[in-house]
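Report on the following structure.
The figures that follow rest on heavy atoms only: side chains count, while hydrogens, waters and symmetry mates do not. Fair warning: this is a prediction, and the values are worked out from it, not measured in the lab. Quick note on labels: first sequence line is chain A, next is B, and so on, each numbered from 1.
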There are 2 protein chains.
Amino acid sequence: MKNNKDLPAEEHSGPLMADVARLAGVAISTVSRALANPGRVNEKTRVKIDAAAKQLGYTPNAMARGLRVGKSNVVMIILPGSLYYGVSQVIPLVLQGINRSLSQNGYHLMIANLDRDEASERHILDLAFGGTVRGAIILSSDLPVDGGRSLKDSALPIVSLLFDMSHAALPSVVTNDRQAVREATAELLALGHRRFLYLAGPQGNYHDNERYLGAVEALAAAGLPETAIVRSGGSLDYQHGFQIGVAAATEFADLILKPTAVIATSDDMAISFMSCVQRMGWKIPTDLSIVSFDGAPVCEYSLPPLSTIEQPVEEMGQMAVNLLMERIDAPDKVTAQRHVIESKLIRRESFGPAPSNV
Amino acid sequence: MKNNKDLPAEEHSGPLMADVARLAGVAISTVSRALANPGRVNEKTRVKIDAAAKQLGYTPNAMARGLRVGKSNVVMIILPGSLYYGVSQVIPLVLQGINRSLSQNGYHLMIANLDRDEASERHILDLAFGGTVRGAIILSSDLPVDGGRSLKDSALPIVSLLFDMSHAALPSVVTNDRQAVREATAELLALGHRRFLYLAGPQGNYHDNERYLGAVEALAAAGLPETAIVRSGGSLDYQHGFQIGVAAATEFADLILKPTAVIATSDDMAISFMSCVQRMGWKIPTDLSIVSFDGAPVCEYSLPPLSTIEQPVEEMGQMAVNLLMERIDAPDKVTAQRHVIESKLIRRESFGPAPSNV
DNA sequence: TTGTAAGCGTTATCAC
DNA sequence: GTGATAACGCTTACAA
């Protein structure tokens, strides 16, 4: 109604580069240059243009630029399907670390998905192949595939965070899951523990595998058989890690020969497990020591405070962004594939000597 | 190097609509129609085109479409600056609810910020005025402003989530903070509690204000003066809600006349507070009842399980998306401004009768 | 140093 | 029902 021409413009209506050019009395290309390469334009005209732009409240249209230069300034993060397993407590921290680094590099962060159903996979691939995003960070999960397309066929720079995908030629930022658990287990062994309960995540999961192996290796090094550790959980049916802990507590209660130490694959399950067994009457750490993985801030305030292996997720997120930037800047340059940032055990009161009456 | 023409195309290289057209032996405009309005093209050609598109693995370029139609299919969420206050535990749930709804409507979710410093505000406004996003959901915070520009000057459809911003003509999805706290406080009064401690968030914060007033109103209704409630916390210096709880525990320990019930503005602070006072020797709920706000899943597994007022954040997120979609579809239609979705108190064991020896 | 003009990959208008 | 063609707002050779 406002225009007699019925062009799609109607909507957005903000000032255009052409408006700035007109107001400043220069050509549109000069405005473009002044804004992008302030150095390559006469100081006086630059000032004039800046003033005009400011006066009009001009903001360049990102899609037009993106189309022209064939690049976007958006990076997507691909999240694992079940939000509540494993990484759940740390997701805000991860997003924070990543987004902050991206911002500093002039990029925006798009969440590609929160589920991993078929629709989401297609969604993700549309973003990749449709030129919407410039790169991807894939968090603790596998590469999305849909019909014929797979993310790895796109030319998109991709970095894997938390999963080691270096075998698939993806630069990966991981932590030393296995070693950290091995060391934590060794500490428990040194405290006299000889029977363990392991709270597992979904079977076959990278983290679960690594962490479990860490425990087993520590046992082996101490001359103990793998049977010294009882595995619990691991079903994919559980939405929340919390529920795994609850189920595991029941399992624990039924064991004839009680373990004296529990190693949990994630904080969620450790927290609910600890809560349940204490309500059943066991004392922590007198009867039972507990250690878990993730380093969620809330662990410090459970009763007793929960020992956890803290992953420096914020730092890992930044590292992932740095790698991605390198990839974007030099797509062909071959870089080191696997970057390990060490997690460290935070010993708190859930961690003590084995009961003497074992 | 691969091309003799040095056009910016180099990068993306995927198949174009023109390629599909060539392979299908039709004009490019027919392809466009076939893909967007399958009904308005002959069935046989449609099949031919679909086949060609599939064979080439064609994905339309979102930026080109966006530029042409003057709309993007991206919605941004603006998060509050300090991630750890209040909404922290709930952010993954909020994102989940929002992203799922957006996906169903064919939109993508972009995170606008995780800090709220000057750079972020500018960032946000660039997204808004640069045509990158089609709408915004602002979570529990105020409208971003930078230099001359303010988000409210953009023509962008905006919905406020958790904050009531209906006074600023923003459709708002909120919960009944005040009423829910009033009712919870009334229950505590019915249990014989007469002296309260309130753990506050940043002074002047919308939620803090509402929730505190809810407590005060309940006291008034019971004929108690406002002095029956001691306010603690409220400093903006604390990054984590957890730290507010820790500080408040010290404060509590120093009070001559001990409150018998604690009302916390967020789960974070209740969890750390409860942990600290128990370690100092108080029994919960024997000596002290605690209730908090947010409904973080972890509350169920604290010791004792923490009573909390649960906000249906996932539902609220969906509602916000629905309102946003309405705004996008009919920007001029005046709609109801304020939508309340009720929180409900989940009574758990942290909640009991006042000690008899008061 | 600045202006002219072509073109990024779509969609929409118009003829046919 | 389908095909030419002009735009969307910007960047970048190239010419001046």
Side-chain angles (χ1 to χ4, degrees), chain A residues 3-22 24-49 53 56 58-73 126 129-132 134, chain B residues 3-22 24-49 53 56 58-73 126 129-132 134:
Chain A
N3 278 340
N4 43 5
K5 298 191 70 178
D6 221 338
L7 293 178
E10 268 272 44
E11 288 276 328
H12 182 234
S13 69
L16 269 33
M17 195 174 263
D19 299 322
V20 178
R22 203 173 307 122
V26 296
I28 182 172
S29 56
T30 308
V31 177
S32 176
R33 259 184 307 246
L35 265 34
N37 298 25
R40 286 178 38 185
V41 64
N42 185 308
E43 177 63 14
K44 278 181 69 178
T45 46
R46 195 191 57 70
V47 171
K48 219 166 38 182
I49 289 170
L56 294 172
Y58 171 72
T59 306
N61 181 304
M63 290 197 297
R65 157 186 273 145
L67 176 58
R68 175 63 235 240
V69 303
K71 306 168 179 10
S72 88
N73 59 348
D126 285 346
F129 288 98
T132 304
R134 190 71 207 289
Chain B
N3 280 338
N4 43 3
K5 297 191 69 177
D6 221 337
L7 293 176
E10 268 273 43
E11 287 278 326
H12 183 233
S13 69
L16 268 34
M17 197 175 263
D19 299 321
V20 178
R22 204 173 306 120
V26 297
I28 184 171
S29 53
T30 308
V31 176
S32 176
R33 258 185 308 246
L35 265 33
N37 297 22
R40 286 178 38 185
V41 65
N42 185 307
E43 177 62 14
K44 278 181 69 178
T45 45
R46 195 191 57 71
V47 171
K48 219 165 41 182
I49 289 171
L56 293 173
Y58 171 72
T59 306
N61 182 303
M63 289 196 299
R65 157 184 273 144
L67 175 58
R68 176 60 235 234
V69 304
K71 306 168 180 9
S72 89
N73 59 349
D126 285 345
F129 289 98
T132 304
R134 191 69 208 291

Study note, to complete from the structure: Separation of D:dA7 atom P from A:Leu16 atom CG, nearest Å, is 15 Å
Point to revise | Value in whole Å for how far the P atom of C:dT10 lies from CG of B:Asp19 | key: 9 Å
Check your understanding: Choosing from D:dG9, D:dC10, C:dT4, which nucleotide comes nearest the side chain of A:Pro60?
Key -> D:dC10
**Study point:** Protein-nucleotide distance (A:Arg22, atom CZ; C:dG3, atom P), rounded to Å
**Key:** 14 Å
Point to revise | Out of C:dG3, C:dT11, D:dC10, whichever nucleotide has its closest atom nearest the side chain of A:Val26 | key: C:dG3
Check your understanding: Between the side-chain atoms of B:Arg33 and the base atoms of D:dG3, is any donor-acceptor pair under 3.5 Å?
Key -> yes
Review point. Counting side-chain heavy atoms from CB outward, which of D:dT2, C:dT2, C:dT10 is closest to B:Thr30?
Key: D:dT2
Point to revise | Nearest-0.5 Å distance, CG of residue A:Leu16 to CG of residue A:Asn61 | key: 8.0 Å
Review point. Can you find a side chain N or O atom of B:Thr45 that sits less than 4.0 Å from OP1 or OP2 on D:dT2?
Key: yes
Review point. OP1 or OP2 of C:dT11 sitting under 4.0 Å from any side-chain N/O of B:Ser32?
Key: yes
Exercise for review: Take A:Arg40 and B:Leu67, find for each the nucleotide of DNA chain C with the closest heavy atom, and name the residue whose nucleotide sits nearer the 5' end.
Suggested key: A:Arg40
Review point. What is the distance from CG of B:Asn61 to C1' of C:dT10, rounded to the nearest Å?
Key: 8 Å
Exercise for review: Let me know the distance between CG of B:Leu35 and C1' of C:dG9, rounded to the nearest Å.
Suggested key: 13 Å
Practice item. Take the protein atom CE of A:Met17 and the nucleotide atom P of D:dC10, then report the distance between them rounded to whole Å. Key: 5 Å
Practice item. Give every residue pair that meets the salt bridge (charged side-chain N to carboxylate O under 4.0 Å, His left out) criterion with at least one member in residues 36-49 of chain B, sequence neighbours excluded. Key: B:Glu43-B:Arg46, B:Arg46-B:Asp50
Check your understanding: For B:Met63 and C:dT10, what is the distance between atoms CE and P respectively, to the nearest whole Å?
Key -> 11 Å
Study note, to complete from the structure: A:Ser29 has its side chain closest, among C:dG7, D:dA6, C:dG3, to C:dG3
**Study point:** side chain to side chain donor-acceptor pair (under 3.5 Å) partners for A:Asp19, two or more places apart
**Key:** A:Arg22
Review point. Nearest 0.5 Å, what's the CE-CZ distance between B:Met63 and A:Arg68?
Key: 12.5 Å
Review point. Between D:dG1 atom C1' and B:Lys48 atom NZ, what is the distance in whole Å?
Key: 12 Å
**Study point:** Separation of B:Arg33 CZ from B:Ile49 CD1 (nearest 0.5 Å)
**Key:** 9.0 Å
Exercise for review: Check whether any side-chain nitrogen or oxygen of A:Tyr58 sits under 4.0 Å from OP1 or OP2 of D:dG9, and answer yes or no.
Suggested key: no
**Study point:** Residue B:Val41, side-chain atoms from C-beta onward, closest of D:dG9, D:dT5, D:dT2
**Key:** D:dT2
Exercise for review: Indicate, yes or no, whether a donor-acceptor pair under 3.5 Å links the base of D:dT11 to the side chain of A:Arg68.
Suggested key: yes
